[in-house]
There are 2 protein chains.
Amino acid sequence: MDPHLLRTFVAVARCGSFSRAASELGYTQSAVSQHIAALEADLGTSLVNRRPVVPTPEGQRLLEHAGPILLRLDAARAEITKMVQAPPDRLVVGLSPLAFMADIVAANHVRVLPRAEVVTGVAQGTLDLGLVDGIAAPSDPLNLPDVAPMATVGVAERPLVVVFPHDHPLARRKRINLADLADAQWIDAPESAIPLAQLRSASGTDGFRAALRYEGTHVPGLLQMAAAGHGLILLPQPMVDGLPAVPITRLVHRVELISIPSSGVSTIPTH
Amino acid sequence: MDPHLLRTFVAVARCGSFSRAASELGYTQSAVSQHIAALEADLGTSLVNRRPVVPTPEGQRLLEHAGPILLRLDAARAEITKMVQAPPDRLVVGLSPLAFMADIVAANHVRVLPRAEVVTGVAQGTLDLGLVDGIAAPSDPLNLPDVAPMATVGVAERPLVVVFPHDHPLARRKRINLADLADAQWIDAPESAIPLAQLRSASGTDGFRAALRYEGTHVPGLLQMAAAGHGLILLPQPMVDGLPAVPITRLVHRVELISIPSSGVSTIPTH
DNA sequence: ATCAGTTACGCTTGGCGTAATGATC
DNA sequence: GATCATTACGCCAAGCGTAACTGAT
């Protein structure tokens with residue numbers, strides 16, 4: 001199970017084609033075919049069905065492992081090469097959209113990225129620091145995927161609110177339980193609000209089905225949609241201005257600063 | 001960063017010697033030397049100091065990654081080979097010492113193993129099921145290392161108690177906060193009580209220093225030591241019989257059943 | 001002088017590309 | 001017959017072992 005073979009395998013699975021995977025990786029079709037054949041011989045099973053090229057159940061299981069393995073391999077390499085090179089004089093900070101906070105952002109060069117890319121970016125060393133947001137119980141840590149051992153520091157916790165349209169029957173409640181909203185109409189806006197997947201894992205249910213999907217990162221636009229009644233969204237309280245919004249019980253919106261431990265970054269510039 | 005190279009690297013680091021690592025892996029010393037040289041050339045740093053053979057800081061960092069990577073590689077292979085073979089007619093269940101429960105154990109073939117080995121055993125397929133215990137907030141999951149995606153089910157939660165000697169000033173308290181005991185004298189008994197490392201991570205402090213270390217798995221013996229005043233220990237309440245024991249606030253002893261998801265094991269024999 | 005890691009060197013094998021073959025729509 | 005995966009084959013390089021070498025104790 002050479003990493004090269006795994007890399008080709010995930011490329012094949014993603015592309016759905018040997019030849020496309022080959023050109024993407026800079027191999028010939030032949031080499032890709034041999035890679036897959038080698039993996040299949042090694043594991044004693046077929047991993048992809050051909051025509052169409054689709055992973056078998058065994059292949060799907062392998063895919064679940066291959067991603068994290070390759071990610072961690074990259075993370076290890078990145079960490080060590082960083083230790084060798086002189087520390088950069090400019091920090092690159094990755095932000096998930098809702099982790100934005102004016103006072104922290106002022107001093108550094110930042111890039112706004114999807115949540116997962118912030119985590120992998122820090123792990124792989126393309127980012128020096130990451131600020132990721134998510135939901136958690138008060139003063140509990142976020143449930144981040146541990147692609148690599150990371151140092152995390154909570155930097156903010158704000159109330160988590162659900163945005164209702166003006167005329168919604170629950171809009172005047174003082175607080176509300178997340179589980180009570182599992183069957184409501186939701187907008188899935190993974191880039192500009194809390195992704196519904198996080199609600200499911202936080203509540204342990206599989207409700208929170210999306211009536212609508214919003215790919216943009218423009219929060220005011222999303223707020224208008226929610227206010228107009230197209231569906232519910234969850235946001236940290238400071239980002240909701242004047243609209244009817246009810247705090248969620250026992251959950252907060254939390255922002256964490258993540259970094260590779262003891263990689264030279266010990267203190268954080270505060271202005 | 002071929003897995004073979006990583007494997008020899010961890011062997012070298014563990015053995016503290018190229019030649020011992022070589023004989024352990026079935027290579028010649030020369031091959032091991034070439035492996036290390038290849039890794040060092042690839043990463044652009046020296047990874048071990050020679051004479052004596054000790055990892056450099058960069059090597060230590062690599063070691064932190066290499067273990068999990070190799071473990072997950074093995075886990076992936078084991079999972080897939082298990083999918084291919086017919087399911088075994090006998091389940092092998094791994095138990096961490098304090099996860100023992102008579103009603104579950106009756107029907108299966110079990111092996112009692114240290115906590116970490118239960119997790120890795122399930123991941124690598126040497127165990128079909130694992131029962132691991134630990135401490136957590138009530139109805140919260142255990143904080144298990146995620147070497148592979150695992151299905152976990154909570155199977156028991158009992159009060160967590162600290163065992164005091166008869167004359168201890170706190171022995172008559174109704175309940176006690178774990179943090180208040182950080183500076184007490186503890187017995188570290190990782191095989192037969194809650195390891196102190198778990199207390200530190202649960203409380204977020206670095207207290208709970210061991211006055212004594214007990215390697216055995218014989219709980220009654222450990223209880224006698226605690227009763228005699230050699231130090232405090234933490235146990236699930238049902239295992240403490242008649243001795244002065246005070247429940248810990250906001251923490252419980254939890255047992256979880258872990259398995260590889262949808263690997264054919266959907267229900268558990270109940271008799 | 002001995003022990004332990006490194007380097008040199010030859011051999012084998014693995015792995016890639018080119019090109020021919022085979023299968024599927 | 002066009003497209004895409006597989007097989008055949010030749011070539012190069014990676015990787016192992018044997019053995020000579022180097023440095024440290």
Side-chain angles (χ1 to χ4, degrees), chain A residues 1-60 62-63 66 69-70 73-74 76-77 80 84, chain B residues 1-60 62-63 66 69-70 73 76-77 80:
Chain A
M1 295 211 307
D2 194 291
H4 292 210
L5 304 186
L6 291 180
R7 222 173 282 264
T8 15
F9 177 61
V10 307
V12 165
R14 181 164 33 79
C15 297
S17 151
F18 282 45
S19 34
R20 265 195 294 280
S23 69
E24 178 176 309
L25 297 170
Y27 286 123
T28 60
Q29 299 129 337
S30 166
V32 170
S33 184
Q34 292 176 49
H35 280 186
I36 302 299
L39 262 183
E40 291 183 329
D42 181 19
L43 295 173
T45 334
S46 74
L47 296 170
V48 289
N49 293 322
R50 325 293 150 100
R51 252 179 262 278
V53 172
V54 164
T56 63
E58 290 82 8
Q60 290 176 19
L62 181 60
L63 278 176
I69 288 171
L70 295 174
L73 236 15
D74 290 346
R77 151 162 285 119
I80 292 172
V84 178
Chain B
M1 295 214 309
D2 193 290
H4 292 203
L5 304 187
L6 290 180
R7 222 174 281 266
T8 61
F9 177 61
V10 306
V12 164
R14 180 164 33 78
C15 298
S17 151
F18 282 46
S19 32
R20 266 195 293 281
S23 70
E24 179 176 307
L25 297 170
Y27 286 123
T28 60
Q29 299 139 334
S30 167
V32 170
S33 185
Q34 292 175 50
H35 280 187
I36 302 299
L39 262 183
E40 292 183 329
D42 181 18
L43 295 173
T45 335
S46 73
L47 296 169
V48 289
N49 294 322
R50 324 294 151 96
R51 245 181 275 274
V53 172
V54 165
T56 64
E58 290 82 7
Q60 290 178 19
L62 181 59
L63 278 175
I69 289 171
L70 294 173
L73 236 15
R77 150 161 286 118
I80 291 172

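All chains are named by letter (A, B, ...) in the order of the sequence lines, taking the proteins before the strands, and each is independently numbered beginning at 1.
A:S19 has a side-chain polar atom (N or O) that falls below the 4.0 Å cut-off from OP1 or OP2 of D:dA5. For B:H4 and D:dG15, the shortest distance from a side-chain N or O to OP1 or OP2 is not below 4.0 Å.
Here B:H4 contributes atom NE2 and B:L39 contributes atom CG; the two are 12.5 Å apart, rounded to the nearest 0.5 Å.
Panel note: side chain B:E40, backbone B:L47; a donor-acceptor pair is recorded below 3.5 Å. The closest donor-acceptor contact from the side chain of B:T8 to the backbone of B:V32 lies at 3.5 Å or more, if one exists at all.
Side chains of B:S30 and B:T28: a donor-acceptor N/O pair is absent below 3.5 angstrom, by distance only.
Side-chain proximity of B:Y27 to the nucleotides D:dG17, C:dG5, C:dC16 is greatest for D:dG17. When the nucleotides C:dA4, C:dT18, D:dC16 are ranked by their closest atom to the side chain of B:R51, C:dA4 comes out on top. Comparing D:dA5, C:dC16, C:dA8 against the side chain of A:S33 picks out D:dA5 as the nearest. Among D:dA5, C:dT18, D:dT18, the nucleotide with an atom closest to any side-chain atom of B:S30 is D:dT18.
With rounding to whole Å, B:Q34 atom CD is found 15 Å from D:dA19 atom P. The CG-P distance, from B:D2 to C:dG14, rounds to 14 Å in whole Å.
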